[in-house]
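Step one of this worksheet: look at the structure below.
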Amino acid sequence: MLTSKSLINHYSPSLFSSKTPNTKTRITAFPFSHSPKPRSLSIKNSANESNSLSPKPSQFRVDILSESLPFIQKFRGKTIVVKYGGAAMKSQDLQASVVNDLVLLACVGLRPILVHGGGPEINLWLKRLNIEAVFRDGLRVTDSQTMEIVSMVLVGKVNKHLVSLINKAGAIAVGLSGMDGQLLTARPAPNSAQLGFVGEVARVDPTVLRPHIENGHIPVVTSVAADESGQPYNINADTVAGELAAALGAEKLILLTDVAGILEDREDPSSLVKEINIREVKQMIENEKVSGGMIPKVNCCVRSLAQGVRTASIIDGRLPHSLLLEILTDEGAGTMITG
């Protein structure tokens with residue numbers, strides 16, 4: 001018997017991606033919770049015997065969309081803030097997957113906002129200009145010369161490239177930095193004496209975003225902002241995404257990462273924690289089960305939840321169509337943190 005799981009696995013690339021058929025997607029690796037029981041189609045042959053026949057691919061596309069309906073209804077009209085980075089930014093295939101997911105979500109009535117950094121691209125241009133990239137405690141040391149390159153790369157190159165890809169995929173994207181419309185006001189980070197022009201978010205004014213959201217546009221926001229005097233700062237993109245989600249009263253914050261999510265045992269990839277609340281995740285930090293680069297991501301999620309965001313998820317951006325997995329299935333694509 002052909003199950004809904006095997007059928008969807010076989011035909012989903014043609015539904016959710018413009019890639020060639022050999023591009024794999026894991027959105028269908030999990031059956032939808034609201035899906036009907038697996039069915040088989042049969043007709044009588046000339047000998048009046050019942051034989052299973054393979055349904056047409058178009059029928060499976062319709063079935064998949066039908067099974068997605070409860071999730072689309074749940075999130076329709078809701079704001080979803082997505083922080084984009086890591087492997088999903090470095091791989092062209094994964095980049096196309098994220099873009100197609102955003103466009104699909106916008107087409108079915110969600111209101112996605114994309115926030116991005118661009119560390120690898122910054123490093124590339126610093127190397128081309130013979131400027132050494134220096135890091136302290138995992139943070140980029142940003143002197144005035146480096147800050148100029150950061151602004152040029154993030155605002156002028158990466159941002160506009162993403163806008164172009166989204167427009168090409170059929171949606172309308174609008175590129176913004178934190179300086180546009182005073183969307184973000186920055187302040188120096190506490191250790192700015194050692195890090196230079198590395199900043200934090202002092203204030204968010206989403207006024208400039210709202211008309212674009214209401215008109216069905218997809219805002220693409222880069223993590224560069226200025227302080228009250230106009231001095232630009234490089235701000236962590238996770239932080240920017242979390243603060244924007246809080247200011248907009250978003251339904252969901254999603255951080256794309258290069259890991260599966262939060263693991264109960266860091267040495268065991270199969271120990272993924274699918275859902276956890278704030279108290280429990282803080283306990284994991286105290287017990288050092290969450291450590292290193294995952295701590296600031298978790299803290300970003302916790303802060304956004306404390307400010308009214310409904311749920312925050314840390315998902316595996318290495319999975320094709322991880323956004324659709326997270327939003328349109330109960331299984332998800334990483335760890336969801338709740339208030």
Side-chain angles (χ1 to χ4, degrees), residues 78-91 94-95 97-99 101-102 105-106 110-122 138-140 150 154-155 158-159 161-163 165-166 173 175-178 183-184 186 198-201 204 206 209 213 218-225 234-262 293-305 307 309-319 321-327 332-337:
K78 302 295 178 60
T79 298
I80 310 292
V81 177
V82 178
K83 185 270 179 171
Y84 172 58
M89 180 170 277
K90 291 178 281 188
S91 162
L94 290 176
Q95 188 174 78
S97 170
V98 171
V99 168
D101 287 2
L102 287 170
L105 292 172
L110 281 72
R111 297 177 169 185
I113 297 170
L114 187 66
V115 177
H116 70 88
E121 192 76 15
I122 294 170
L139 298 174
R140 183 186 302 277
V150 168
L154 294 187
V155 180
V158 176
N159 186 269
H161 176 62
L162 291 171
V163 168
L165 289 177
I166 293 172
L176 300 164
S177 74
L183 174 59
L184 304 171
V198 173
E200 297 179 340
V201 177
V204 180
L209 286 181
I213 297 171
I218 300 178
V220 181
V221 181
T222 190
S223 56
V224 173
N234 184 22
I235 304 177
N236 179 275
D238 291 337
T239 301
V240 170
E243 294 300 319
L244 275 179
L248 290 165
E251 179 75 13
K252 195 169 186 65
L253 168 67
I254 299 176
L255 306 183
L256 289 172
T257 68
D258 288 345
V259 295
I262 298 174
M294 185 59 74
I295 292 178
K297 293 183 183 298
V298 168
N299 287 338
C300 167
C301 292
V302 169
R303 179 173 169 81
S304 69
L305 292 168
Q307 296 180 85
V309 177
R310 292 288 297 275
T311 65
S313 296
I314 300 172
I315 71 172
D316 192 347
R318 300 167 301 178
L319 296 178
H321 300 296
S322 55
L323 284 178
L324 298 186
L325 268 171
E326 180 60 29
I327 295 171
T335 300
M336 183 171 72
I337 306 174

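- For the side chain to side chain contact (heavy atoms under 4.5 Å, CB included) test with Thr239, the passing option among Asn299, Val201, Leu184, Val115 is Val201; the others fail.
- Contact between Pro112 and Pro219 at its shortest, heavy atoms only, is O-CD, 3.6 Å.
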**Message:** Between Glu251 and Arg111, is the side chain to side chain contact (heavy atoms under 4.5 Å, CB included) condition met? List the steps.
**Reply:** CA-CA 10 Å; Glu251 179 75 13; Arg111 297 177 169 185; over 6 Å; no
What pairs of donor and acceptor atoms, side-chain ones from residues 241-249 against any protein atom, are under 3.5 angstrom apart with sequence neighbours left out?
unit_1, atom_1, unit_2, atom_2, d
Glu243, OE2, Arg303, NE, 2.4

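- Note that the CD1 atom of Ile80 and the CD1 atom of Ile218 stand 12.5 Å from one another [nearest 0.5 Å].
- Smallest separation of non-hydrogen atoms from Leu305 and Ala312: CD2-N, 3.8 Å.
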**Prompt:** For Ser304 and Val81, what are the C-alpha separation, side-chain angles and deciding distance, and is it a side chain to side chain contact (heavy atoms under 4.5 Å, CB included)?
**Reply:** CA-CA 11 Å; Ser304 69; Val81 177; over 6 Å; no
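- Of the inter-residue distances, the one linking Leu105 atom CG with Ile327 atom CD1 reads 4.5 Å to the nearest 0.5 angstrom.
- Listed for the Arg318 side chain is a donor-acceptor partner under 3.5 Å among the backbone atoms of Asp258.
- Ala333 approaches Glu326 most closely through the heavy-atom pair N-OE1, 3.0 Å.
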**Request:** Apply side chain to side chain contact (heavy atoms under 4.5 Å, CB included) to the pair Lys83 and Val240, showing each step before the final yes or no.
**Result:** CA-CA 9 Å; Lys83 185 270 179 171; Val240 170; over 6 Å; no
**Message:** For a side chain to side chain contact (heavy atoms under 4.5 Å, CB included) check, start with the C-alpha distance between Tyr84 and Leu102, then their side-chain angles and the critical distance, and finish with the verdict.
**Reply:** CA-CA 11 Å; Tyr84 172 58; Leu102 287 170; over 6 Å; no
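- Looking at Val259, Leu323, Thr335 one by one, the single match for side chain to side chain contact (heavy atoms under 4.5 Å, CB included) with Ile315 turns out to be Leu323.
- Here the straight-line distance linking atom CG of Leu183 with atom OG1 of Thr222 works out to 11.0 Å at 0.5 Å rounding.
- The side-chain heavy atoms of Ile314 and Cys301, taken from C-beta on, include a pair separated by under 4.5 Å.
- The line from CD1 of Ile113 to CD1 of Ile213 is 3.5 Å long, rounded to the nearest 0.5 Å.
- Here the CG-CG distance, from Asp101 to Leu324, works out to 3.5 Å after rounding to the nearest 0.5 Å.
- Looking at heavy atoms from C-beta onward, His116 lies out of side-chain contact with His161 at the 4.5 angstrom threshold.
- In this view, Glu121 and Lys157 satisfy the salt bridge (Lys or Arg N to Asp or Glu O under 4.0 Å) rule, not counting sequence neighbours.
- Minimum heavy-atom separation, Leu154 to Ser223: CD1-OG, 4.2 Å.
- Note that SG of Cys300 is 14.0 Å distant from CD1 of Ile295, once rounded to the nearest 0.5 Å.
- When all heavy atoms of Ser177 and Val155 are compared, the closest pair comes out as CB-CG2, 4.0 Å.
- Shown here for Lys252 and Thr311, the closest heavy-atom pair between the two residues is NZ-OG1, 3.1 Å.
- Taking 4.5 Å as the limit, some side-chain heavy atom of Leu209 sits within range of a side-chain heavy atom of Leu176.
- Looking at Asn159, its side chain does come within 3.5 Å of a backbone N or O of Val220 through a donor-acceptor pair.
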